[in-house]
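Just so we're on the same page: letters track the sequence lines, and every chain starts at 1. Just the heavy atoms: all of them, side chains too, but no hydrogens, waters or symmetry mates, feed the values below.
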Amino acid sequence: MEKYTEKVMEHFQNPRNVGEIPDADGVGTVGNPACGDIMKLFIKVKDGKIVDAKFKTFGCGAAIATSSMVTELVIGKTIEEALTISKATVAEALGGLPPQKMHCSNLAADALKVAIDEYKAKSGGKKEEEK
Amino acid sequence: MEKYTEKVMEHFQNPRNVGEIPDADGVGTVGNPACGDIMKLFIKVKDGKIVDAKFKTFGCGAAIATSSMVTELVIGKTIEEALTISKATVAEALGGLPPQKMHCSNLAADALKVAIDEYKAKSGGKKEEEK
Amino acid sequence: MKRKVYMDYASTTPVRPEVAEAMIPYIKEEFGNPQSLHSFGDKPKQAVDEARVKVAELIGALQEEIYFTSSGTESDNFALKGIALAHQKKGKHIITSEIEHHAVLHSAKSLEKLGFEVTYVPVDKFGLIDPQQVRSAIRKDTILVSIVHASNEVGTIEPIEEISKVVKEAGVIFHTDALQTAGTIPVSVNALGVDLMSLAAHQFYGPKGVAAIYIRKGIRITPFIDGGVQENGRRAGTENVPAIAGMGKACELAKSEIPGRVEALTKLRDKFIQGLLSKIEHAYLNGHPTKRLPGNVNISFEYIEGESMLLFLNIEGVAASSGSACTSRALKASHVLTAMGVPPEIAQGSLLFSLGAGNSVEDIDYVCQILPPIVERLRKMSPLYEEASKAGKGK
Amino acid sequence: MKRKVYMDYASTTPVRPEVAEAMIPYIKEEFGNPQSLHSFGDKPKQAVDEARVKVAELIGALQEEIYFTSSGTESDNFALKGIALAHQKKGKHIITSEIEHHAVLHSAKSLEKLGFEVTYVPVDKFGLIDPQQVRSAIRKDTILVSIVHASNEVGTIEPIEEISKVVKEAGVIFHTDALQTAGTIPVSVNALGVDLMSLAAHQFYGPKGVAAIYIRKGIRITPFIDGGVQENGRRAGTENVPAIAGMGKACELAKSEIPGRVEALTKLRDKFIQGLLSKIEHAYLNGHPTKRLPGNVNISFEYIEGESMLLFLNIEGVAASSGSACTSRALKASHVLTAMGVPPEIAQGSLLFSLGAGNSVEDIDYVCQILPPIVERLRKMSPLYEEASKAGKGK
Ligand SMILES: Cc1ncc(COP(=O)(O)O)c(C=O)c1O
Ligand SMILES: Cc1ncc(COP(=O)(O)O)c(C=O)c1O
């Protein structure tokens with residue numbers, strides 16, 4: 001089998017930001033058990049900046065490491081900046097992923113987008129209300 | 001490859017009765033170069049008995065050994081006795097032959113039959129004349 | 001140094017020192033070609049002949065019914081494709097099962113592309129095949145039934161003797177893939193009633209690169225690898241003499257040691273299963289509780305995924321495998337567990353510990369000690385476990 | 001002890017000590033499966049990867065273009081059957097030659113049974129194939145041309161570069177069976193312009209049980225052995241790690257040593273040919289005088305048969321082979337000599353001495369000394385020689 005990079009293994013063994021944010025501003029869940037990976041990403045937003053992010057993941061080493069990496073990448077970023085994070089960004093930040101892991105197990109960027117969409121929908125809603 | 005028996009190798013290395021009988025009473029030639037074996041068997045007959053036999057053979061170890069063995073078997077035998085010598089008799093006398101050698105390279109008994117036929121034709125002819 | 005625990009014997013086994021010793025002369029000195037007319041081929045030929053006798057003795061066959069190949073996969077391909085091509089005039093229907101190794105399944109798929117029709121009989125929740133289902137799958141144009149003797153994943157031992165009765169009654173040729181059983185448990189081609197059997201040395205302390213196929217005398221088969229006259233014209237290619245000699249030795253050792261091996265492994269297996277199930281909740285044994293390979297421990301740990309468990313186990317020095325999608329290139333959960341009706345999320349959490357000669361009670365205790373915290377750690381990370389806890393299922 | 005002279009290197013070669021040393025750790029210790037997720041598979045996987053690089057380097061290919069198989073025969077079967085099945089929609093016509101190894105010829109015959117059509121291009125009296133004859137054999141529905149790089153019997157080196165130009169012009173896939181050349185003389189897949197190439201370790205001081213096939217990037221091929229995901233899904237079956245490691249080492253050695261080997265063997269070869277032809281009458285060199293493998297000495301001795309010469313040579317400790325009918329199970333004279341127009345009785349008297357690393361000038365002198373009396377002895381027994389003498393041809 002293709003091996004994981006050291007960085008992947010480091011994040012897999014010591015994942016950052018595992019957990020939930022009870023009053024999250026956005027939650028993104030992607031994947032399903034049939035394909036082997038489910039990722040749930042929570043974000044907390046303040047003044048257009050992601051101030052906290054947490055995840056829960058069911059999946060392989062790559063799924064866990066990419067989840068961890070995404071939370072690390074987004075914390076402190078604006079929503080706009082966060083939206084530029086792609087699967088490729090995450091894989092690159094981890095020093096690469098084995099080819100067969102590039103798609104299925106590299107869902108964290110997708111989860112992030114879903115979480116941001118949810119946040120936008122909510123806050124957009126709020127803004128509408130505020131108007 | 002299947003190996004030859006010791007007896008085959010002994011006859012192959014020290015073939016008995018190699019040569020020709022210039023005034024032979026019967027000569028049998030069988031085989032052809034395409035199949036790899038040609039055998040020429042000479043017999044000398046006196047009073048219905050084979051008193052001498054010689055051979056020349058182009059062919060593999062089995063062809064040479066069976067030729068040698070046939071000459072040994074027939075010398076001293078009556079024509080009738082000699083006619084009972086079959087391929088199986090020769091193979092047996094040599095302690096067996098590898099399966100793929102049983103047909104092509106075991107021509108000596110055939111050569112003997114041809115030689116005896118020739119002898120019979122000639123002597124039959126003579127007998128006719130004598131009558 | 002960290003403890004090293006190998007529990008992946010179903011994948012491949014170490015080579016016994018006696019086997020290595022049997023091979024090395026044919027690597028270093030006796031390099032001749034067994035097909036040679038000259039004496040450099042004598043000892044290599046003798047080695048191949050003797051190995052053939054030993055393989056035959058292990059499975060109760062005649063030596064002329066044994067043909068050497070390069071892998072279990074090749075033996076399986078030969079069986080399916082060779083019988084299909086030789087008997088296609090009689091019919092183009094083949095029966096196999098849903099839990100076969102890919103070597104059989106993908107050969108069957110290739111035959112489908114060549115116009116053959118294949119029926120895949122199902123299994124029950126233990127992975128068992130019902131002989132009656134085989135019977136009802138047989139048609140007039142069925143030419144071959146191929147059923148695995150024991151699945152390499154869940155270890156369920158199939159009722160081959162009963163299946164073979166059904167198949168024989170119908171006058172159909174019967175192949176069994178015995179990769180996991182030959183050399184591991186007692187196997188006799190006549191008691192099982194099979195016409196063809198695949199077995200591979202690297203599954204029972206023999207070398208890689210060599211396997212065999214048993215073909216009952218009188219069975220017509222089209223060669224799979226065409227070329228020279230080796231293996232009586234049925235499998236061409238210069239013989240892998242050292243590996244064949246090694247396979248002979250492995251068979252000889254297996255023949256005398258199987259009873260002891262089975263007893264020891266069965267004990268270890270049951271202790272291990274009990275240990276894991278008692279220490280870890282939401283864990284389920286996959287496969288049959290008793291009709292299973294002596295060394296097979298296949299357990300699903302709910303809410304978490306196999307590869308991540310394997311990675312942590314590996315960090316602790318333990319080698320095992322899993323039926324999870326992430327550990328397969330196809331990125332699908334084990335087709336065997338799926339055929340048994342195991343739901344995907346539970347199939348994803350399966351671990352296969354396959355035990356063998358090198359394992360001790362200490363190994364079992366070690367894994368029973370390190371696995372629970374791994375499972376706990378991953379469950380804490382798992383959104384499924386969280387949901388189940390909320391729903392009152394997890395604790 | 002009697003002198004032992006091995007002159008059958010075209011059949012198989014001894015394993016170099018360095019190669020054996022490269023293999024043994026993977027037999028004795030590093031037994032893991034390269035496909036494993038756990039660390040027992042790490043070193044075996046690395047060994048396979050490294051060997052792949054070395055094979056690639058030997059023939060100027062990319063590592064991802066190299067696939068390991070179990071024998072040259074398997075590589076040839078894979079090439080012919082794999083390309084035929086993958087491209088049959090384009091056409092069902094294949095071109096090969098009359099002097100191929102049985103691995104290619106019998107694969108072609110099998111494809112004929114599956115509905116493919118095969119053209120066998122002829123050779124001239126030296127065993128050379130004319131590129132123009134290949135050109136005129138190419139049709140619209142031709143999907144593959146397979147031509148041996150050098151015949152293992154007569155050693156004639158074919159003009160593969162010129163043939164490949166013709167084949168490429170027509171947009172057809174080109175395979176060469178390089179069993180006798182790769183590892184023996186310089187071989188480059190790009191210089192030759194081939195799409196597929198078979199090579200086997202046991203032909204150049206590597207182990208038996210392993211070979212390779214080069215498949216140019218982008219060439220579609222149907223797997224021959226179906227099953228797991230090994231070899232990038234193109235050749236299933238647990239990898240023969242020790243043998244693969246050995247093949248890697250043999251390629252590495254060959255790469256640096258080929259120039260020296262070629263020079264030394266060519267000298268020996270020419271001395272040997274001259275020696276035999278000058279000492280024995282009615283003897284003819286088979287194959288091309290200069291476009292031939294460095295170690296190949298194939299000579300026909302008229303009026304006598306090959307097997308009986310081999311037996312006497314073997315008694316004197318000399319191992320060689322022959323194209324005579326009696327040394328083939330098919331009981332037909334060499335199809336290669338026959339294709340070259342050699343009459344049967346002269347083909348029957350052919351001897352092939354294939355020289356290699358272990359041979360010295362002393363070996364040559366020894367054979368030049370013992371062979372003439374053997375020939376004389378057999379000729380005295382030969383009815384053909386007698387007739388020829390009478391006709392004034394023999395002496
Ligand atoms: C030219 C050629 N092709 C194919 C083969 C078959 O190779 P193997 O014996 O490795 O299967 C040989 C064997 O010597 C050969 O010389
Ligand atoms: C049941 C079964 N069949 C076939 C195979 C394939 O055998 P190999 O890897 O020797 O090609 C295996 C491999 O472990 C197996 O367990």
Side-chain angles (χ1 to χ4, degrees), chain C residues 6 8 11-15 17 20 23-24 27-28 31-33 35-40 70-74 76-77 101-103 106-107 109-110 200 202 207-210 222 225-229 233 236-243 307 310-311 313-314 318-322 327 329-330, chain D residues 6 8 11-15 17 20 23-24 27-28 31-33 35-40 70-74 76-77 101-103 106-107 109-110 200 202 207-210 222 225-229 233 236-243 307 310-311 313-314 318-322 327 329-330:
Chain C
Y6 187 72
D8 199 12
S11 166
T12 196
T13 63
V15 170
M23 296 173 68
I24 288 171
I27 297 176
K28 291 197 170 167
F31 68 88
N33 191 324
Q35 299 297 324
S36 304
L37 205 65
H38 51 70
S39 57
F40 284 80
S70 68
S71 68
T73 299
E74 186 192 326
D76 286 342
N77 274 257
H101 190 272
H102 283 148
H106 292 173
S107 292
K109 292 283 169 220
S110 283
H202 74 94
K208 295 175 178 55
V210 64
T222 300
I225 301 190
D226 291 307
V229 296
T238 295
E239 295 93 334
N240 187 354
V241 180
E307 193 212 78
L310 289 181
L311 290 170
L313 282 170
N314 188 49
V318 178
S321 74
S322 163
T327 57
R329 291 262 184 113
Chain D
Y6 187 73
D8 199 14
S11 167
T12 196
T13 63
V15 170
M23 296 173 68
I24 289 171
I27 296 176
K28 291 197 170 168
F31 68 90
N33 191 322
Q35 299 297 325
S36 304
L37 206 64
H38 52 71
S39 56
F40 285 80
S70 68
S71 68
T73 300
E74 186 192 327
D76 286 341
N77 273 256
H101 189 273
H102 282 149
H106 293 173
S107 292
K109 292 283 169 219
S110 283
H202 75 94
K208 295 175 176 55
V210 64
T222 300
I225 301 190
D226 290 307
V229 297
T238 294
E239 295 93 334
N240 187 356
V241 180
E307 194 212 80
L310 290 181
L311 289 171
L313 283 170
N314 188 49
V318 178
S321 74
S322 164
T327 57
R329 290 262 185 114

Is it the backbone or the side chain of C/Leu310 that comes under 4.5 Å from a heavy atom of chain D, or both, or neither?
side chain
Contact part of C/Thr13 toward chain D, heavy-atom cut-off under 4.5 Å: side chain, backbone, both or neither?
backbone
Can you tell me which portion of D/Asn33 sits under 4.5 Å from chain C's heavy atoms? Options are side chain, backbone, both or neither.
both
Heavy-atom pair count under 4.5 Å with chain C, highest-scoring of D/Gly72, D/Pro242, D/Ser107, D/Pro17:
D/Ser107
Distance-only side-chain donor-acceptor flag, C/Ser39 / D/Asn314, under 3.5 Å:
yes
C/Ala319 and D/Phe40 have their tightest heavy-atom pair at CB-CD1, 3.4 Å
Please classify the contact between C/Ser321 and chain D as side chain, backbone, both or neither, with a heavy-atom cut-off of under 4.5 Å.
neither
Let me know if C/Asn240 has heavy atoms under 4.5 Å from chain D in its side chain, its backbone, both or neither.
both
Quick one: does C/His102's side chain have a donor or acceptor within less than 3.5 Å of a partner on D/Gly227's backbone?
no
Counting heavy-atom pairs under 4.5 Å with chain C, which one of D/Gly32, D/Gly209, D/Ala20, D/Ser110 comes out on top?
D/Gly209
Residue, of D/Asp226, D/Thr73, D/Asp8, D/Asp76, that accumulates the most heavy atom pairs under 4.5 Å with chain C
D/Asp226
Please determine, among C/Ile225, C/Thr12, C/Val210, the option with the most heavy-atom pairs under 4.5 Å with chain D.
C/Ile225
Please round to the nearest 0.5 Å and tell me the distance separating atom CD1 of C/Ile27 and atom CD1 of D/Ile27.
3.5 Å
For C/Ala243, is there any backbone N or O sitting under 3.5 Å from a side-chain donor or acceptor partner on D/Lys208?
no
To the nearest 0.5 Å, how far apart are CG in C/Leu313 and NE2 in D/His38?
10.5 Å
Portion of C/Pro207 that has a non-hydrogen atom of chain D nearer than 4.5 angstrom:
neither
Which atoms of C/Ala200 approach chain D - backbone, side chain, both or neither, heavy atom under 4.5 Å:
neither
Greatest number of heavy atom pairs closer than 4.5 Å to chain D - which of C/Gly228, C/Ser11, C/Ser71
C/Ser11
